Amino acid sequence: MLKDSFNRIANNLRISITDRCNFRCSYCMPEEGMVWMDKNELLTYEELHRLVRIFSELGVSKIRITGGEPLMRKDVHSLVSMLSGLDAIKDLAMTTNGYFLNDQAELLAKAGLNRINVSLDSLDAVKFKEITRRDYLHRVLEGLETIALQGIAPIKINAVIIRGVNDNEVSEFAILAREKPYIIRFIEFMPIGCDDGWNSGKVLPSQEIRERIEYELKMKLVPVEYHGTQPSDRFVFEDGKGEIGFISSVSEPFCEHCNRVRITSDGKLRTCLFSHKETDLKKLIRNNEKDDTIKAVIGEAVWNKEEGHLINQPEFKRPDRTMSQIGG
Ligand code: SAM
Ligand code: SF4
């Protein structure tokens with residue numbers, strides 16, 4: 001088991017498989033000038049498979065494939081197939097901007113992907129284009145329909161809410177969760193993008209989002225899990241199909257219960273999204289080190305996992321890499 005010095009168990013690994021993306025969400029990347037990693041820097045599918053197997057032997061049972069945009073990596077379904085073949089992996093999920101789902105959902109489902117989170121910050125085509133700098137809302141909505149047809153469930157929609165940008169849409173999203181079997185998760189805006197213009201005033205705390213929805217829709221949300229041991233507080237409607245979740249990483253950080261670690265697309269282990277320290281696993285893999293050596297290095301890095309992020313404290317310093325480079 002991977003235990004840290006604060007007695008938390010890491011059983012959940014996020015792997016970024018590329019830093020590239022076909023969108024340019026304004027809170028994540030600048031419009032122009034992104035410099036991508038050389039492809040040789042990226043872990044190959046064989047290297048990822050070996051690393052995930054090693055992590056699984058250390059107790060990791062949940063994997064999320066992310067990026068950048070993971071569906072931009074060639075034949076990603078073959079990676080899904082390799083990872084879903086590992087017996088100890090009980091939950092294999094992906095976070096995507098949804099653009100390629102129309103073409104790839106069937107292959108992903110057949111390869112054994114269990115769950116998908118689709119990022120969608122606006123239901124209005126003009127606003128969507130303003131946020132992502134791409135006119136692709138229709139593609140993402142089609143992608144959502146396609147994954148439902150493939151039976152990949154539950155479908156989660158991640159919406160980053162930014163005050164003054166898309167906070168006027170929280171009730172529209174709530175209505176979507178009432179009408180369709182989606183889990184809409186409202187994510188607080190975090191200081192991790194590149195040129196993202198973050199300041200605490202732009203964060204819409206979950207509590208405020210919830211109050212707005214209840215006021216605007218004139219109804220009470222029913223808690224399913226509130227301040228439990230999961231990162232998302234979950235609510236349902238008395239008369240709805242889907243669910244609403246709140247991820248309050250800024251207003252109510254979840255660090256105390258954090259069970260996650262991450263691997264960047266160039267093979268660095270990060271024990272927190274906001275870490276200032278990385279452990280180079282690619283070097284060990286490419287040096288063909290023994291499993292036991294790699295396990296010992298991973299074990300030590302996890303043991304030294306930071307207690308929590310310091311977003312709300314004066315000493316907070318942004319990590320050097322952005323979310324798209326680390327893997328969101
Ligand atoms: N490209 C894929 C996508 O957008 O779903 C996967 C990578 S993206 C970095 C993963 C998630 O991070 C997305 O849901 C995105 O909205 C979220 N994200 C990126 N920057 C963020 C920020 N500054 N604050 C909160 N969430 C952020
Ligand atoms: Fe791309 Fe995802 Fe970042 Fe948007 S949030 S620019 S889709 S990596």
Side-chain angles (χ1 to χ4, degrees), residues 14-34 36-37 63-73 76 93-101 104 108 113 115-122 127-137 139-140 143-144 147 155-163 165-167 173 183-200 202-206 209 231-232 245-251 253-254 260 262-265 270 273-274 309 311 316 318-319 321-328:
R14 300 190 154 219
I15 52 177
S16 171
I17 60 168
T18 179
D19 59 333
R20 289 168 199 239
C21 188
N22 56 330
F23 285 17
R24 291 289 180 280
C25 302
S26 47
Y27 55 76
C28 182
M29 289 187 190
E31 188 163 12
E32 313 252 349
M34 280 301 287
W36 310 123
M37 267 173 218
I63 300 288
R64 177 167 297 277
I65 300 172
T66 180
E69 175 45 43
L71 296 180
M72 285 190 75
R73 184 106 182 237
V76 65
M94 180 180 286
T95 301
T96 168
N97 65 26
Y99 179 86
F100 297 103
L101 281 175
Q104 298 195 27
L108 294 170
L113 190 68
R115 298 187 296 115
I116 293 200
N117 288 24
V118 177
S119 303
L120 174 60
D121 304 323
S122 177
K127 180 66 70 178
F128 181 94
K129 187 175 172 197
E130 193 182 307
I131 296 173
T132 62
R133 304 187 178 110
R134 298 290 186 266
D135 195 6
Y136 293 150
L137 175 62
R139 288 273 310 212
V140 180
L144 282 168
I147 41 177
I155 299 171
K156 293 187 181 171
I157 296 179
N158 288 354
V160 176
I161 304 300
I162 304 179
R163 197 186 295 279
V165 176
N166 59 352
D167 57 321
F173 276 111
I183 302 180
I184 311 271
R185 302 178 345 141
F186 296 106
I187 301 178
E188 290 179 351
F189 181 30
M190 294 183 284
I192 195 159
C194 181
D195 299 338
D196 61 9
W198 187 91
N199 64 56
S200 58
K202 291 190 180 166
V203 180
L204 202 71
S206 299
I209 301 178
S232 154
F246 295 95
I247 304 190
S248 318
S249 320
V250 180
S251 67
F254 195 73
R260 295 177 181 175
R262 296 161 192 270
I263 300 179
T264 63
S265 48
R270 295 178 67 95
L273 188 55
F274 294 93
H309 69 63
I311 294 178
F316 174 72
R318 282 172 185 245
R321 305 224 234 181
T322 66
M323 190 87 138
S324 65
Q325 293 163 331
I326 297 167

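Hydrogens, waters and symmetry mates are skipped; everything else that's a heavy atom, side chains included, is used. Whatever order the structure lists ligands and atoms in, that order sets their numbers, starting from 1. Source: prediction; values computed, not measured. Residue numbers count from 1 along this sequence.
- Residue contact check: C25 has heavy atoms under 4.0 Å from atoms 4 (Fe), 5 (S), 6 (S), 7 (S) of ligand 2.
- When only non-hydrogen protein atoms are considered, atom 2 (Fe) of ligand 2 lies nearest to C21 SG, 4.4 Å.
- Atoms of ligand 1 found under 4.0 Å from any heavy atom of N158 (numbered from 1 in listed order, with element): 14 (O).
- Between T264 and Q325, the side chains place no donor N or O within less than 3.5 Å of an acceptor N or O (distance only, hydrogens not considered).
- Residues L137 and K129 have side chains not in contact (no heavy-atom distance under 4.5 Å, counting atoms from C-beta outward).
- Close approach to N97 involves these atoms of ligand 1, each under 4.0 Å from a residue heavy atom: 2 (C), 3 (C), 5 (O).
- Under the 4.5 Å side-chain criterion, counting only non-hydrogen atoms from C-beta, R260 is in contact with P231.
- Within the 4.0 Å heavy-atom criterion, the part of T96 lying near ligand 1 is the backbone and not the side chain.
- One N or O on the side chain of E188 and one on the backbone of S251 form a donor-acceptor pair closer than 3.5 Å.
- Below 30°, between 30° and 60°, or above 60°: for F189 and Y27 the angle between ring planes is above 60°, a perpendicular geometry.
- Considering both main-chain and side-chain atoms, Y27 comes within under 3.5 Å of ligand 1 through a nitrogen or oxygen pair.
- Residues R134 and N97 form no side-chain contact, since every pair of their non-hydrogen atoms from C-beta on lies 4.5 Å or further apart.
- Heavy-atom contacts of E188 reach the following atoms of ligand 1: 25 (C) (cutoff under 4.0 Å).
- Formation of a donor-acceptor pair under 3.5 Å by the D167 side chain with backbone atoms of I161 is not found in this model.
- In the model, E69 has no side-chain atom that pairs as donor or acceptor with a side-chain atom of T18 under 3.5 Å.
- In T66, the part holding a heavy atom less than 4.0 Å from any atom of ligand 1 is the side chain.
- In terms of protein heavy-atom proximity, atom 3 (Fe) of ligand 2 is closest to C28 SG, 2.5 Å.
- Distances from atom 6 (C) of ligand 1 to the heavy atoms of S16, S119, G68 show the closest one on G68.
- Under the 30°/60° scheme for interplanar angles, the aromatic rings of F173 and F186 are found to stand perpendicular.
- Looking at ligand 1, you'll find an N or O of E69 within less than 3.5 Å of one of its N or O atoms.
- Per-residue contacts place N97 under 4.0 angstrom from the following atoms of ligand 2 (heavy atoms of the residue considered): 7 (S).
- Close approach of ligand 1 to F189 (heavy-atom distance below 4.0 Å) involves ligand atoms 23 (N), 24 (N).
- Below 3.5 Å of separation, one finds an N or O of M190 facing an N or O of ligand 1.
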